[in-house]
Every structure is written in structure tokens, then in C-alpha cells.
2 protein chains.
Amino acid sequence: MTSTERRAGRASERALADLREAILDGDLAAGAHLGEVEIAERLGLSRTPVREALTRLAAEGLVELEAHRGARVTRFSREDLDGIFDVRLALEPQATARAAQYVTPDDLAALDDLATTMLAVGAPGPDQDLDALVDLNRAFHARLLALAHAPALAAALANVVHTPVVTRTFRTYDADSLARSLAHHAEIVAALRAGDGDWAGAVMRCHLGNARAVMVEEQ
Amino acid sequence: MTSTERRAGRASERALADLREAILDGDLAAGAHLGEVEIAERLGLSRTPVREALTRLAAEGLVELEAHRGARVTRFSREDLDGIFDVRLALEPQATARAAQYVTPDDLAALDDLATTMLAVGAPGPDQDLDALVDLNRAFHARLLALAHAPALAAALANVVHTPVVTRTFRTYDADSLARSLAHHAEIVAALRAGDGDWAGAVMRCHLGNARAVMVEEQ
DNA sequence: CGTCCCGATGTTGTACGCAACCTAGGGTGC
DNA sequence: GCACCCTAGGTTGCGTACAACATCGGGACG
């Protein structure tokens, strides 16, 4: 705790980022109790910024606060997941469609690159890296959402979806579903390149339907 | 400030409720700077719970925090309002439709009461009380949303809509739009009583379209 | 033997003090 | 006269100490 880069911005930001990462990566199991002092000592901070981070995570829905009883990592039930997909289906296709009218060549190139990389990384074989897909997938959806130029829509999604909680791993995907999922990304890029928002939105609906089927089957 | 019921639950809850109310009621103008010490002294608290309240309000989107520069009441542009209505249109009709399958006679009675009261209070004449409509409207939509049994959907809406910011007053409604709006509430109750979710959802779409027209015209 | 009460212990909630930082105003140099 | 710097004031960010509360264990009573 002496030379652990003490210039990492605001302490509360560090605590927030660290906790969020730990939760989304699954290092902190759902339902786990989060003691303020424990976290503070682990990060070399005082309880104050840790408390602030927990408060913000609670607002995001990643942890739950009980009065005088501390914080717990939120546990998502199958019904919760289903409800989350309802929200995604109501908003993300719309955002994807909107993206068609704002997309630039640079955006297209970046999205194409992400989609192509995912196809390569996700292809069956010795080089398959399902873990790498998580971040790539997250980046793809985030870029797409930003493209929609709809801050309210993005905020509504961000405060509910927690993509990596929902899509924490692609290991639960069977081969066919995974192939479909990766193809969808490429097809969305094609639709955006064609300037067809309806097409892009429809693909997103397929994408989410496919994902929902995998998720619901899982639990 | 000596005997102002010092047993009002957690101090941070008081600060949160007080600030939220002040913002939603318009007592704190959009863009106003919120000094922590000023608020703390006004409420007779220390800065700590005030900070926590501001953090939570920032997560809700009601205030904006800038590092080392304090908090400001969020200013909503016309585009923001438009985006908010996009989200509402994507989610609230769906929630209303879902409500049809969970509604109980008690719920129907309560919603009917709210709708009827609003019709009476909002009717043109000497007894018209447009200010009372705000809270009634809020209660109606909140009860309806709770009925949907869709926590994710409710969370997505809550973190974006801030109903009273959007519907801070009914004074901007012209007579025809106001009459339509109040009639919609009653029609939603009728649709729910008939157990017809599609109908109820459609009315909600009308309700929001009507409101959007008034809001967009306003600014 | 079971149940209830009460103290011990660890946790969260709040207050307060200090350091870091941003902003504004006056002064100096060009 | 204008631009820049530098100091002073005030605010936020964080650390620390204490108070309030919840939980758990032991002991006494029925």
C-alpha cells in the first residue's frame, strides 16, 4: 500500500471502479456482504469514499443497502433477468435504429472491427477465447448506444441492464446460439452501412431474443 | 430548528427527501448551485448526510456533480424532454398493459378514485385546482407502474423520467388537452377493469402523445 | 429444558477537522 | 492598456472519532 500508484484520481472513483469491476467479474458473489472497513482497508482508503461508492452502486442497482445492516451484492432472479430483457427489447432496438441516422464512417469502421474481431475470437477451434468476447460485446453495445444520441434512453438502459451481469460469460451459449449472436453484430453493421435503421433495429431484436433464450435456459 | 421533529428517520433520508421535493417543486431553479454547507445549515445537519443525498440525487439525474465544483440542479433541454418521452412511450404502455393481468379490485378502486378526483379537481370552474393535479397524477402513474410487477421496467423509468420535473404543472395544458388527459386516466381504469391490457396500453400511448404535444409546444 | 432478557461486540450513521482544489481579485511586468 | 501571475477566500474531498443501532451469546427465570 506504499507505492500502489497513489495518483489514481479521486479515491471514491477508484473505490467505485474497483467494486463495480469486482462485482461484474464475479469476484464478489451475489449476496455477499460488503463491509465498509474491509473494503476500505483492502483499497487503502478510509470508509468515506467507500461509502460514497456503495451509495452510487446502490443507485445503479448493483448492490442493495439495508439500514444499519450494510450492503449486499444484488442477487438477480430469473424473473429479474426476464424483466431486464423486456426493458432491453423495448429500448435497444429503438436506439439501434436511431444510430443509423448518426453513424459516421469512423463509427462504422470501429463497429466493423469489433464485429470482425468477435467473429474471429469466437470461432470454434483452439484459438477460441470466450472470455475476450465479454469486453468486446460490451464495447460494441456501448458504442452503438452512444451513437443513438439519446441520453435519456442510454441512462434508462444503463441503470438497469448492467450488461456484464447479464452477459457475464458466453460459456453458456451453445455453438449455434453463439454463431447467431456473433453474426448479428456483423449484420447490424451492414444495416447501419446501408442506412437502414429499421433493419438494424430488427437485427437487434433478434440478437436480444437469441440471448434471452440462452439466459432463460441457463438458470 | 430546535423542536423540528428530530426523530424523522435517517438524516440522509431527510436531506434526500427535502432536496428532491425542493427541486421537483421548483423551489430550486434549474442550474442553481447547491452548496453543501448551506443545505446542511438549513436542515440542521452536518455535511455528511447532505453529501450522501446529493450523490444519490446525482445518480437519479436530478443534479449534476462536477469535481471540486459542487452540485447544480440539472437543466433539461427540449431535446432532453423529447428523449424522455421516447423512453416513456417505449416503457409505460408496456407496463400499463402488464398491469391488466395483476390488477385487483382494491387497485381498481384506488385508481378509479384518483381518476375521478382528478376529473373533479381539473374541471373548469371556480373549484379548479391545477396544482392538486400534480400529486394526483404522480400517484396515479406510480400506482399503475407498481401494478405491472416489473421492477426492472420501473427502475428504468424512475431513473429517467422524474415525473414531476416533466409534469411540474398542468398550467401549460390548454383546456382541450387537459380534458383529454384526465379522460385518459378514467379510460385506463375502464380498460383495466375489462382486463384488456392492449386497450390500456393504447390509452397510455395516447396519454403520453397528448402530454408530449403540450410539453414540446411549451418550451 | 425452553424462553426471555441483557450485555458484549461489531457494524453502520453522523459529526467534525484538515488538506486539496477551484475561482476571483489585485498587482506587476511588458 | 493588456496579459499574466500570484495570493486569498471559499468550496469540495477525505480522514478520523464518536454515537446509534443490530446481532449474537450467556445467564437467569419460569
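Quick note: numbers below take in every heavy atom, side chains included, and nothing from hydrogens, waters or symmetry partners.
Remark: B:D18 engages no residue in a side-chain hydrogen bond (donor to acceptor under 3.5 Å, both in side chains) (not counting sequence neighbours). Evaluation of the salt bridge (Lys or Arg N to Asp or Glu O under 4.0 Å) rule for B:R171 yields B:D131 as partners, not counting sequence neighbours. Under the salt bridge (Lys or Arg N to Asp or Glu O under 4.0 Å) criterion, A:E36 pairs with A:R47, A:R51, not counting sequence neighbours. Evaluation of the salt bridge (Lys or Arg N to Asp or Glu O under 4.0 Å) rule for B:D174 yields no partner, not counting sequence neighbours. Legend: residues meeting ring-ring contact (aromatic ring centres under 6.0 Å, His included) with A:H149, ordered by chain and number and at least two apart, are A:Y102.
Between the side chains of B:R10 and A:H68, at least one donor N or O lies within less than 3.5 Å of an accepting N or O.
The separation between A:R72 atom CZ and D:dA22 atom C1' is 13 Å, rounded to whole Å. Computed from coordinates, the B:R14 CZ to C:dA15 C1' distance equals 15 Å when rounded to whole Å.
Summary of helix geometry: the two end axes of the helix from C:dC1-D:dG30 to C:dC30-D:dG1, each defined by five base pairs via their C1' atoms, are inclined to each other by 0° (rounded to 10°).
Pairs passing the side chain to side chain donor-acceptor pair (under 3.5 Å) check and including a residue from residues 105-114 of chain A, sequence neighbours excluded, read A:T104-A:D107, A:D107-A:R143, A:D112-A:T116, A:D112-A:R193. The list of ring pair (Phe, Tyr, Trp, His ring centres under 6.0 Å) pairs with a residue in residues 24-44 of chain A, not counting sequence neighbours, is empty.
For A:T48 and D:dC14, the shortest distance from a side-chain N or O to OP1 or OP2 is not below 4.0 Å.
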Would you tabulate the pairs of protein nitrogen or oxygen atoms and nucleotide nitrogen or oxygen atoms of nucleotides 11-13 of chain D closer than 3.5 angstrom?
residue : atom : partner : partner atom : Å
D:dT12  : OP1  : B:E36   : N            : 3.3
D:dT12  : OP2  : B:E36   : N            : 3.4
D:dT12  : O3'  : B:H68   : N            : 3.4
D:dG13  : OP1  : B:H68   : N            : 3.4
D:dG13  : OP2  : B:R51   : NH1          : 2.6
D:dG13  : OP2  : B:R51   : NH2          : 3.1
D:dG13  : N7   : B:R47   : NH2          : 3.0
D:dG13  : O6   : B:R47   : NH1          : 3.2

